[in-house]
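Working notes, beginning with the structure itself.
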Amino acid sequence: MMLRGSTGTMIGLLSDRSLGPLAADMFSLLVSDSPDILNKACHADIRIMFRQRFFTENVPKLVQGFHAASGDDKPNYLKALSHVLNCLPKQVLMTELPSLISLLLEALSCPDDVVQLSTLTCLEPLLLDAAEILRVHTDTFISKLLRLTSSPSMAVRITALKCILALTKLPLHMLLPYKQQVIRALAKPLDDKKRLVRKEAVEARCQW
């Protein structure tokens with residue numbers, strides 16, 4: 001499945017004040033298994049490893065567009081990027097993570113909870129294998145995750161806590177400097193109004 005022309009148009013629309021958020025959401029449709037569009041039943045020509053090729057061709061353009069965009073438009077590029085990354089196989093993501101980790105950390109500070117959740121979902125399965133990559137970003141990553149445990153979105157709070165739990169599998173020497181900070185911060189979600197959030201908070205705090 002190759003959509004070079006239309007994808008280029010969509011990337012251009014990310015800087016449009018009114019259409020940018022909608023264009024960003026469309027990237028999810030392009031790379032996901034949709035039952036309604038872009039599938040073989042609709043006569044779409046879907047080729048092997050099309051997601052990897054889509055990533056190779058378009059993510060550099062998204063990164064370049066992000067850096068050139070105004071502050072109001074940057075979340076659109078982050079949302080599009082998080083949708084693309086979230087549909088990639090883990091082995092591909094691990095290869096690309098070193099060059100994208102700074103941008104993913106920035107996405108965690110994006111005010112859009114869709115971007116936050118998509119980024120957290122992308123990062124969670126990578127944490128066990130990303131010790132060396134995260135080494136220089138541990139302080140920033142933990143601070144952002146702890147802040148997201150107070151998100152208005154229950155899904156974001158739960159996934160942030162899952163990431164905090166996953167961090168406990170990293171080498172002990174990387175975690176010890178943050179142990180007391182994390183344990184203190186996790187006292188708040190223990191009293192969350194949602195039972196599922198409290199459950200994740202208890203498990204994460206016990207492991208820390």
Side-chain angles (χ1 to χ4, degrees), residues 1-4 7-8 10-15 20-21 23-33 49-148 151 155-156 159-160 162-167 169-171 174:
M1 180 175 68
M2 302 304 289
L3 300 164
R4 290 188 180 89
T7 304
M10 287 174 57
I11 292 175
L13 288 173
L14 293 173
S15 293
D25 285 332
M26 292 302 101
F27 277 82
S28 176
L29 291 178
L30 290 178
V31 294
S32 62
D33 295 319
M49 299 178 66
F50 78 90
R51 292 183 179 89
Q52 290 90 319
R53 290 201 296 273
F54 188 91
F55 171 91
T56 301
E57 292 187 2
N58 295 291
V59 165
K61 299 174 186 176
L62 289 172
V63 173
Q64 183 180 10
F66 169 83
H67 290 300
S70 66
D72 291 338
D73 297 329
K74 285 184 182 294
N76 298 333
Y77 288 89
L78 290 175
K79 183 183 286 188
L81 178 65
S82 66
H83 284 318
V84 175
L85 296 182
N86 220 19
C87 289
L88 281 179
K90 179 179 177 180
Q91 61 269 25
V92 178
L93 274 172
M94 283 303 303
T95 302
E96 301 296 336
L97 190 59
S99 63
L100 294 172
I101 187 66
S102 296
L103 211 55
L104 290 172
L105 289 173
E106 189 155 357
L108 294 179
S109 297
C110 180
D112 189 319
D113 59 3
V114 174
V115 176
Q116 294 170 357
L117 181 59
S118 184
T119 304
L120 289 168
T121 304
C122 169
L123 284 170
E124 183 195 355
L126 304 179
L127 295 179
L128 298 181
D129 303 310
E132 289 303 316
I133 299 170
L134 288 174
R135 187 181 301 276
V136 297
H137 301 283
T138 306
D139 185 74
T140 303
F141 192 51
I142 288 179
S143 296
K144 289 179 183 292
L145 289 178
L146 291 176
R147 188 158 50 246
L148 289 175
S151 167
V156 170
T159 314
K162 287 180 180 292
C163 286
I164 291 170
L165 174 62
L167 286 175
K169 304 302 182 181
L170 294 175
M174 289 179 60

Side chains of Ile164 and Ile142: closer than 4.5 Å at any heavy-atom pair? no

Would you check if Leu126 and Ile133 make a side-chain contact, meaning some heavy-atom pair closer than 4.5 Å? no

Under a 4.5 Å cut-off applied to non-hydrogen side-chain atoms, are Phe55 and Leu93 in contact? no

Derivation and outcome, side-chain contact (heavy atoms from CB on, under 4.5 Å), residues Glu96 and Leu85: CA-CA 10 Å; Glu96 301 296 336; Leu85 296 182; over 6 Å; no

For Glu106 and Phe66: C-alpha separation, side-chain torsions, deciding distance, then whether side-chain contact (heavy atoms from CB on, under 4.5 Å) applies. CA-CA 11 Å; Glu106 189 155 357; Phe66 169 83; 3.4 Å; yes

Got Leu105 and Lys144 here, is their nearest side-chain heavy-atom distance under 4.5 Å? yes

Is a side-chain N or O of Ser15 found less than 3.5 angstrom from the main chain of Gly12, in a donor-acceptor match? no

Within the structure provided, determine whether Asn76 and Leu13 are in side-chain contact (heavy-atom separation under 4.5 Å). no

When Lys79 is tested against each of Thr119, Val84, Leu62, Val114 for side chain to side chain contact (heavy atoms under 4.5 Å, CB included), which residue passes? Val114

Hey, are the side chains of Gln116 and Ser109 touching, using non-hydrogen atoms and a 4.5 Å cut-off? no

Run Leu108 and Thr140 through side-chain contact (heavy atoms from CB on, under 4.5 Å) and show every step you take. CA-CA 10 Å; Leu108 294 179; Thr140 303; over 6 Å; no

Do Asn58 and Lys61 have side chains that approach each other closer than 4.5 Å (heavy atoms only, starting at C-beta)? yes

Could you check whether any side-chain heavy atom of Val115 comes within less than 4.5 Å of a side-chain heavy atom of Tyr77, counting everything from C-beta outward? no

Under a 3.5 Å distance rule, please check whether Glu124 uses its side chain to pair with a backbone N or O of Thr159 as donor and acceptor. no

